[in-house]
Student: 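This is the structure I have questions about; it appears just below.
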Amino acid sequence: MSPETNINPAEVRQDLLRTYPPKVARKRLQQIVVKESPGEHAVPEIMANVRTTPGIITQRGCTYAGCKGVVLGPTRDIVNITHGPIGCGFYSWLTRRNQTRPPTAADDNFMTYCFSTDMQEEEIIFGGEKKLRAAIQEAFDLFHPKSIGVFATCPVGLIGDDVHAVTREMKEKLGINVFAFSCEGYKGVSQSAGHHIANNQLFKHVIGRNDTVGPGKFRLGMLGEYNIGGDAFVLEDLLERCGITLVATFSGNSSIDRFENAHTADLNVVMCHRSINYVADMIEKKYGIPWFKVNFTGAAATAKALRKIARYFDDPELVRRTEEVIEQEMTEVQTAQEEIRPRCRGKTAMLFVGGSRAHHYQELFAEIGIKTVAAGYEFAHRDDYEGRRVLPTIKVDADSRNIEELHVDPDPEKYRPRASEQSLRRLENEGLPFKDYEGMMPAMDDRSLVIDDISHYETERMIEIYRPDVFCAGIKEKYVVQKMGVPCKQLHSYDYGGPYAGFRGAINFYREIDRMVNTRIWSMIHAPWENSDPAIDAEYVRRS
Ligand code: CFM
């Protein structure tokens, strides 16, 4: 299946657009681009982070999902109350996706619960603040948490409940940190707005509340790692073996204490650029902690990330230990690659996922010889495709203006530059750029197709045209893709697999993909109507 394709991506693009009315086609034309020129500065411009045209079936989720589910979901000891109808809370329960390891059995872990005000018609008509107040009180009485978060859903915004006033009042009354998120589902274009709302509130209400500097010589903050499939556990182990102390992670396997203490790290690394890059910037401005982008997806990328961290801290013992860990791990990785690559080489993949994985996983596929022929994000912004150099040229539209931009100044007491300008410049000259991300497109081959916010129709056409060996997306796409005879790997929840981060994760991924692309099962299934003997026979009878 799928040899090095002779398919002309420019023609595919025209093909995809043909079905749309002219106005929609003109918009999609800007969101579907062919990566033609090599090199970082020759990537085409793509339209991203704009509203999906009504009527198109999108992969996207809502702002509430990005805030409550993605950013706060993996934190174990905040009671997260959904203020809204029960469906919003129920569908963001995520008990299978969110994993956590409390340090002891006595530590709080509310992840298995689903807290909601369960709004009814009565509250929609007469207001829900009373019920919200009662819910906060009830949660406090039952669980005595250190903190309570409240998440607004669409109806809350529409009827105008003041969630912030209620949480301020309850914070005072209960003496614990209670804060709210105006993350109504419709608030932004996608979940990306929800990340921003979540992160702004964490920055305002949580980060910086505890100045105790814990032990550890090399103190690291990890931003944009959400412990999907146990990824965080692999990374925590890896860092510990190198001798690096993880101060806080936003927000895989996290706790509120760690968030409050995050400003005591000496370096921040950013995994998922989309969901959190602005927090890295804000922390740097306020507290003086520099940041750079890393990627722990893929064995080579993991080794590179560890080396960058060791280089920054500039300590011979750390460098030695890091190299030792890399060497140990790479032996096993190479054995796995050598076994699996011959079976996978030349196969093709498509990735349409979120706002960072469609990029990161291309590397993992490439390590076993699988080529990505097309990829795209659901909700990323232009900088995630084209690199941060386009940031000054991104037009700020009404939807973006709707999301609060915090103005941040150096903290008069807590600001402490961790490295001099001079030493940062020196490291940059040595190939360790700070505050930089090149985006997905420069890393892709020429003639690959890049599609933002792919529609359901386009997904089907792409599969028909390219017949990829594996398609990566989420649960909403999975069975449609598989019914077309192509295996679908979920990269949001990893199906039941994972972890895929770090070296051990990479080996897991190779093995799973090997099984998926080399099984013949998908080509053997046929829809009932494709059989020669119809199961049901009927005649059309017209009555007049
Ligand atoms: Fe970042 Fe994420 Fe992603 Fe994301 Fe997500 Fe996710 Fe994702 Mo699903 S924060 S952008 S909103 S890496 S939930 S953990 S898998 S779409 S690519």
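As the structure lists them, so they are numbered: ligands from 1, and atoms in each ligand from 1.
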Student: Strictly under 4.0 angstrom, heavy-atom based: which residues surround ligand 1?
Tutor: V70, R97, Q191, H195, Y226, I228, C272, S275, G354, G355, S356, R357, F379, L491, H492
Student: Please identify each residue that fulfils ring-ring contact (aromatic ring centres under 6.0 Å, His included) with Y312, with sequence neighbours left out.
Tutor: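 Y312 satisfies ring-ring contact (aromatic ring centres under 6.0 Å, His included) with no other residue.
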Student: State which residues pass ring-ring contact (aromatic ring centres under 6.0 Å, His included) with H263; sequence neighbours excluded, sorted by chain then number.
Tutor: Y287
Student: So, is the end of the R101 side chain (NZ or CZ) under 6.0 Å from the ring centre of F233 and within 45° of the ring's axis?
Tutor: yes
Student: Between F509 and F365, does the ring centre distance come in under 6.0 Å?
Tutor: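 That pair passes the under 6.0 Å test.
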Student: Excluding sequence neighbours, so at least two apart, what forms side-chain contact (heavy atoms from CB on, under 4.5 Å) with E477?
Tutor: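 Q59, A473, V481.
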Student: How are the rings of F110 and F115 set to each other: parallel, tilted or perpendicular (split at 30° and 60°)?
Tutor: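 Ring orientation of F110 relative to F115: perpendicular.
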